[in-house]
Each structure stands twice: as C-alpha cells, then as structure tokens.
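Below you'll find the structure, written out as structure tokens, and then a few comments.
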Amino acid sequence: MKIDLTETTSSKINKALVQGRRAVGTPAIGMVLTLVIVTDEENAYDALKAANDASREHPSRTLVVIKRVSRSPRDRAKARLDAEVRVGTDAGTGETVIVRLYGEIIDHAQSVVLPLLLPDAPVVVWWAVNAPAAPAQDPLGALAQRRVTDAYAAEQPIHELSTRAQTYTPGDTDLSWTRITPWRSMLAAALDQAPCTVTSAEVTGEEFNPSCELLAMWLADRLNVPVTRKVSDGPGLTAVRLESSSGAIVLDRPDGSLATLSMRGQPDRAVALKRRDTSELLAEELRRLDPDEIYAASLKFGVDRLGHGDGPQPADPQPAAGEKAADESGPAKPAAKKAAKKAAAK
C-alpha cells in the first residue's frame with residue numbers, strides 16, 4: 001500500500017503510517033530499529049532496494065531522506081516537504097517513508113526525521129552517497145547509534161579513508177570495511193591451521209578500491225609486519241600473500257567469485273569468496289550496533305601511510321651505500337677544488 005502526501009508535515013506522515021497499518025491488517029509494530037537512508041534522487045532506488053532486502057533479516061522502519069536542490073532563489077527560500085508512505089508488501093517486512101525536502105528545510109532534515117523515529121529503538125543512519133566529513137557531527141548522524149558510510153562511492157576513496165580516520169567516533173563504520181569480512185575470516189582461519197610467524201604481507205587489488213587499503217592496514221596492525229600494496233585490474237580485491245616461517249600462504253581470487261587458498265604442505269583448496277551485494281553488506285552491519293574497535297584501529301593505523309594520492313605512493317628511491325659515499329666524497333672534492341681556483345683567480 002502506498003500513500004502520497006504533498007506539502008505535508010511529520011505529524012501527517014505518522015497518521016498515514018497508522019492508517020496504512022490498519023488498512024493492511026497489521027496494527028502491531030514488530031520492527032527492531034529505524035534505518036535512515038540519506039541519498040539523492042539518482043541513487044534512491046538502489047539504496048531502497050538494498051534496505052528492503054536487508055529488512056528480511058532486520059524488520060525496520062526505513063526513512064529515505066532525499067534533498068532536492070531548488071533551481072530558483074524564490075524556490076530555495078520556500079520550505080516544502082513531500083512524502084510517500086509504504087506499508088505491507090511494498091515496504092519489505094517493515095515500513096518505508098520516502099521524504100523529499102525542498103528549500104530551507106534541506107538544512108533541517110533532523111527536525112523532519114526526529115518525530116518519525118521508532119520509540120525506544122536503535123537508530124542507524126546510512127549515507128549511500130555524499131557522506132559528511134564527520135558523520136557523528138552531522139545533525140542526522142547525531143541521532144544514531146550507528147553511522148554507515150561507503151568510501152567506495154566517494155570521488156577520491158583513499159582521501160575519504162584519511163578523512164574517516166581523522167573524524168572517527170565510536171559507532172562509525174564503512175561498507176568498504178564490511179566487504180573484506182570474508183577475507184579477514186579466511187586469513188585468520190588459515191593462520192590458525194598452520195601456526196607460524198608471519199614476516200611480511202602483500203595485498204593486490206584495484207587501484208582505487210578502499211577495501212584493499214583497509215585490508216592492508218588491518219594486516220599491518222594485527223600482525224605488525226610490513227605490508228606491500230600492489231595494483232591489479234580487479235575485480236575488487238584479487239589476492240593476499242603472507243610470507244611466513246612455514247612458507248607462503250596465498251589467497252587468490254582472480255574472477256571475483258571463487259578463490260584458491262594455497263599453503264605449503266597442504267593441497268590447494270577452492271573457497272567461495274564472491275563479491276556481495278549492498279543488501280548483504282547492510283544486513284551484516286545491522287547485526288551489531290556496538291563500536292567496531294578493530295575497524296577503528298585499522299583505520300587509524302594506516303592514515304600516515306596513505307600519502308596524498310588515490311593509490312599507493314612509491315617511496316623516494318634511496319641511493320645505495322656505495323653511491324652515497326661517492327656523492328659525499330668523490331665528486332664533491334673536485335667541485336670544491338674548482339670553486340677555490342675560481343675564487344683565487346678573482
């Protein structure tokens with residue numbers, strides 16, 4: 001069931017929700033949280049579809065906030081709120097409210113959302129695109145126990161990770177981190193099967209994929225070893241290689257679906273490691289509402305290693321010991337003698 005409301009208010013939206021529940025015969029509220037999705041018109045469909053799929057595991061009231069940019073100064077000076085209320089089969093296993101903000105009300109979205117939150121239920125805010133630099137300081141983010149961003153959707157993903165580290169607040173998380181959960185689980189299980197000392201690691205993946213950077217930071221933080229970041233054509237994260245005292249441990253996924261785990265002294269094993277949809281990532285994040293301390297440690301560990309580019313920055317080449325000695329002792333002395341002769345001639 002869908003109910004369209006034009007130039008409405010939060011009070012009228014709440015009344016429409018009650019009316020819709022009664023009309024479909026489900027007056028009782030059995031939802032476990034409120035999910036606020038902040039997006040634009042272009043990405044609203046995909047974000048709402050992912051939320052509806054995730055609601056099968058987490059029945060929730062979904063509030064989609066779309067900020068519409070007004071073209072003329074006169075329209076920007078006016079405040080207008082349109083809404084679409086969905087209940088029943090049109091809203092997954094919960095309720096959905098799509099609100100479109102026009103004019104001055106765009107800067108006060110929290111005043112529209114606050115009366116629509118479920119009472120005594122956790123609040124999760126997900127920025128599908130255009131996440132703020134400091135999610136916890138955003139007016140909508142301040143209402144939530146959990147704040148979900150996606151660095152992969154940013155124009156400069158690696159810079160986005162650096163910003164996330166600087167503004168991190170307990171409760172922040174990112175879908176780029178969620179994407180590597182199966183990789184972290186598989187690598188941890190491999191090290192449990194073959195106790196050894198890891199001496200170095202290598203992460204290979206797409207150049208502008210923040211998940212690859214996060215996995216490299218996680219390995220460096222947890223294993224305290226140097227990690228090399230290499231670039232491939234993808235898709236996504238393609239391989240991880242751990243050099244250890246008992247030989248190399250390699251997890252290779254060239255096609256984005258099936259991976260191969262190779263360890264010395266054991267036969268190669270095929271591992272299902274497919275790239276997951278946004279709905280699966282979102283459902284995983286909704287399972288936990290407590291701060292992710294491992295994500296925080298990994299994020300902050302790699303800030304000073306990200307450089308200022310959107311990819312791994314090669315270190316400046318250092319001269320070899322012999323070359324350095326030659327630079328300091330060989331060429332310098334003749335140059336000094338030549339300069340002395342010119343000074344004497346003058």
Side-chain angles (χ1 to χ4, degrees), residues 57 146 148 150-152 161 164-165 168 170 172-206 209-230 232 234-277 280-303 305-306 312:
E57 183 177 341
R146 191 77 163 168
V148 184
D150 190 358
Y152 191 77
L161 287 183
R164 293 281 167 264
Y168 175 82
D172 292 354
T173 190
D174 196 279
L175 294 185
S176 297
W177 172 255
T178 317
R179 290 184 179 96
I180 62 174
T181 300
W183 286 81
R184 294 189 293 119
S185 301
M186 189 58 58
L187 291 171
L191 291 176
D192 286 341
Q193 294 175 18
C196 58
T197 301
V198 178
T199 57
S200 65
E202 179 182 285
V203 177
T204 306
E206 291 176 335
N209 193 316
S211 295
C212 302
E213 308 296 332
L214 281 170
L215 184 61
M217 297 174 199
W218 174 72
L219 289 170
D221 177 61
R222 306 308 294 179
L223 299 177
N224 194 25
V225 297
V227 179
T228 304
R229 170 74 166 89
K230 290 194 173 182
S232 69
L237 184 60
T238 54
V240 175
R241 182 184 181 90
L242 305 179
E243 297 292 346
S244 71
S245 56
S246 61
I249 301 174
V250 181
L251 185 59
D252 186 25
R253 187 190 66 177
D255 60 355
S257 178
L258 190 64
T260 302
L261 178 62
S262 303
M263 301 173 62
R264 177 176 291 182
Q266 299 185 21
D268 292 351
R269 285 173 285 178
V271 180
L273 209 61
K274 72 180 184 68
R275 305 186 72 189
R276 297 183 293 171
D277 296 332
E280 298 178 68
L281 304 175
L282 187 61
E284 178 182 328
E285 284 301 332
L286 295 179
R287 291 185 198 122
R288 56 176 303 171
L289 299 177
D290 57 316
D292 192 339
E293 297 177 355
I294 304 300
Y295 166 68
S298 302
L299 188 65
K300 293 179 179 180
F301 180 89
V303 174
R305 301 188 178 189
L306 295 178

Value rounded to 0.5 Å, distance of [atom1] in [X] from [atom2] in [Y]:
{"X": "D277", "Y": "L282", "atom1": "CG", "atom2": "CG", "result": "12.0 Å"}
{"X": "I180", "Y": "M186", "atom1": "CD1", "atom2": "CE", "result": "14.0 Å"}
{"X": "S211", "Y": "L237", "atom1": "OG", "atom2": "CG", "result": "7.5 Å"}
{"X": "R253", "Y": "S232", "atom1": "CZ", "atom2": "OG", "result": "10.0 Å"}
{"X": "E284", "Y": "T181", "atom1": "CD", "atom2": "OG1", "result": "3.5 Å"}
{"X": "S262", "Y": "L251", "atom1": "OG", "atom2": "CG", "result": "8.5 Å"}

Given D150 and S176, is the side-chain contact (heavy atoms from CB on, under 4.5 Å) satisfied, shown in steps?
-> CA-CA 6 Å; D150 190 358; S176 297; 3.6 Å; yes

Are [X] and [Y] close enough that some pair of their side-chain heavy atoms sits under 4.5 Å apart?
{"X": "K300", "Y": "M217", "result": "no"}
{"X": "D255", "Y": "T238", "result": "no"}
{"X": "L175", "Y": "Y152", "result": "no"}
{"X": "V227", "Y": "V203", "result": "yes"}
{"X": "E213", "Y": "L215", "result": "no"}
{"X": "L191", "Y": "I249", "result": "yes"}
{"X": "V225", "Y": "L242", "result": "no"}
{"X": "W218", "Y": "Y295", "result": "no"}

Shortest non-hydrogen contact from [X] to [Y]?
{"X": "A283", "Y": "E57", "answer": "CB-OE1, 3.7 Å"}
{"X": "S246", "Y": "C196", "answer": "OG-CB, 3.4 Å"}
{"X": "V198", "Y": "S200", "answer": "CG1-O, 3.6 Å"}
{"X": "L258", "Y": "V271", "answer": "CD1-O, 3.4 Å"}
{"X": "D292", "Y": "R146", "answer": "N-NH1, 3.8 Å"}
{"X": "R275", "Y": "P235", "answer": "NH1-CB, 3.4 Å"}

In terms of side-chain geometry, is the basic nitrogen of [X] or [Y] positioned less than 4.0 Å from the acidic oxygen of its partner?
{"X": "R241", "Y": "E243", "value": "yes"}
{"X": "E280", "Y": "K274", "value": "yes"}
{"X": "E202", "Y": "R229", "value": "no"}

Residue N224 excluded, over 12 heavy atoms near CG under 6.0 Å =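 For N224, atom CG is not crowded (no more than 12 foreign heavy atoms under 6.0 Å).
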
In this structure, are over 12 heavy atoms from other groups packed under 6.0 Å from R269 atom CZ?
->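 Atom CZ in R269 is packed in, count exceeds 12.
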
Please say whether the positively charged group of R164, taken as NZ for Lys or CZ for Arg, lies over the ring of W177, i.e. under 6.0 angstrom from the six-membered ring centre and within 45 degrees of the axis.
->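 R164 over W177 ring: no.
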
Ignoring hydrogens and angles, tell me if any N or O in the side chain of R179 forms a donor-acceptor pair with the backbone of G236 under 3.5 Å.
->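 Not confirmed, R179 side chain does not pair with G236 backbone.
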
Would a distance-only check, ignoring hydrogens and angles, find a side-chain to backbone donor-acceptor pair under 3.5 Å from D174 to A151?
->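 The answer is yes, because a donor-acceptor pair under 3.5 Å joins these two groups.
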
With V240, the side chain to side chain contact (heavy atoms under 4.5 Å, CB included) member among T204, V250, L219 |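 Of all the options given, the one that passes is L219.
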
